[in-house]
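Below is one structure, written out as structure tokens; comments come after it.
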Protein chains: 2
Amino acid sequence: MRVVIPLFPSFTALDAVGPYEVLRLVPGAEVLFVATEKGEVRADSGALAITADAALDEVDACDVLVVPGGEGSLAPPPELVPWLAKVHATTRWTASVCTGSLLLGAAGILDGLDATTHWGAAQRLEAYGARFLPERVVFQDAHRVVTAAGVSSGIDMALALAARLADQVTAEGVQLAIEYDPRPPFHAGAPSQASQPVRARAVEILREAARG
Amino acid sequence: MRVVIPLFPSFTALDAVGPYEVLRLVPGAEVLFVATEKGEVRADSGALAITADAALDEVDACDVLVVPGGEGSLAPPPELVPWLAKVHATTRWTASVCTGSLLLGAAGILDGLDATTHWGAAQRLEAYGARFLPERVVFQDAHRVVTAAGVSSGIDMALALAARLADQVTAEGVQLAIEYDPRPPFHAGAPSQASQPVRARAVEILREAARG
């Protein structure tokens, strides 16, 4: 089972690495990172780069496509969106994390579907004809599509996907292998939970990070 | 504020990328990935590589040291452990995720301290003179040391650390920025929660992953 994760300049690393760490442990899965060209792809912070082991034009099909988000999703390499549309036609599952949903949207994959994305991108998602749901993970089983909310949500998404790809005992085994028993020290992970000062601080932090 | 994350062959990617994604958003933080030599370092899966942007011998000091784990922590490059001991002497905080704790142990940093690690490594941790606590995150404030449990726990650890490095509103702002409102689809993330078949499956999964 081939899992392909496309990277692009200014992707968000945890969007990609959360699902990678879950799916790479599903027996029989092989993960492949791809990009316009083989080689190092810098994340949004500038401080991290992941290697793409194949170029987009070397991959025509896969079982599971996982599309991360990040600032770079707003101005992707021109070949990425048509490649997503082409490869999506071959997948068992096409998944996005965070603003990776905007890339699926641009590829026409979310038109008329329920979907989610980072809380800051809901309007942009709806511009692609999707209906935004403020949920952690939104499965559209009939369309082989699953979208996840911001950044860290890819772990939850990938565990639910692992149960569909393998079985529940395997998915729970992966959860235990990565000791995913989250205990956030604060209760501020969604806009509905965070105080107004925290919401304002999050917007500042994201703005400052985007300025680099 | 300089955050340094050492990589080594066969590290576990999420151990490093969870804390990276939190700490890089703390205003004023600059993250640097380092390794024996500059360049690509392969994770335990073989399918992912992160670039080290500096060599160990280029870095003598930092504010925050975050040590990931993974299979490679059992046979680290010989220069890594003395480097950890040296740099630890300069930090405000030294942190580990998963079996990164074994590297801190080898560097003599955990002797006599309470600490945690991946559930599968408790005995090995205690061989370094630490007292294993089956907790998600163990702070030893007086010693500037914090250890986290398996793989995904680095996110919880880094958020708690962010509050100490900055302030709680900032830490909560980072939590909201990465939308860390975890909703695991199953209740199997710790040995005490998982059923016997799931515990057996996790051991199989980890064994198969280690065989590559």
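Just so we're on the same page: letters track the sequence lines, and every chain starts at 1.
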Side-chain heavy atoms of [X] within contact of [Y], under 4.5 Å:
{"X": "A:L176", "Y": "B:V203", "value": "no"}
{"X": "B:V31", "Y": "A:L48", "value": "no"}
{"X": "B:S153", "Y": "A:E179", "value": "no"}
{"X": "B:I205", "Y": "A:T170", "value": "yes"}
{"X": "B:S152", "Y": "A:P182", "value": "no"}

With a 4.5 Å heavy-atom cut-off (strictly below), which parts of residues 162-169 of chain B touch chain A? List them by number.
B:A163, B:Q168, B:V169

Within residues 116-128 of chain B, residues adjacent to chain A where the heavy-atom gap is under 4.5 Å:
B:T117, B:H118, B:W119

Within the distance-only criterion (no hydrogens, no angle test), does the side chain of [X] pair as donor or acceptor with the backbone N or O of [Y] below 3.5 angstrom?
{"X": "B:R136", "Y": "A:D181", "answer": "yes"}
{"X": "B:D156", "Y": "A:R183", "answer": "yes"}
{"X": "B:Q175", "Y": "A:F186", "answer": "yes"}
{"X": "B:S45", "Y": "A:R24", "answer": "no"}

What part of [X] gets closer than 4.5 Å to chain A, counting heavy atoms only: side chain, backbone, both or neither?
{"X": "B:I5", "answer": "neither"}
{"X": "B:E204", "answer": "neither"}
{"X": "B:A49", "answer": "both"}
{"X": "B:A16", "answer": "neither"}
{"X": "B:R42", "answer": "side chain"}

Contact origin within A:E40 toward chain B - heavy atom pairs under 4.5 Å
side chain

Chain B heavy atoms under 4.5 Å from A:A13: which part of the residue, side chain, backbone, both or neither?
both

Could you note down all residue pairs passing ring-ring contact (aromatic ring centres under 6.0 Å, His included) where residues 29-60 of chain B supplies at least one of them, sequence neighbours left out?
B:Y20-B:F33

Here the pair of heavy atoms bringing A:E21 nearest to B:L14 is OE1-N, 2.8 Å

Looking at every heavy atom in both B:A202 and A:A177, which two are closest together, and how far apart are they?
CB-N, 4.2 Å

Residue set satisfying ring-ring contact (aromatic ring centres under 6.0 Å, His included) with B:F139, at least two apart, ordered chain then number -> B:W93

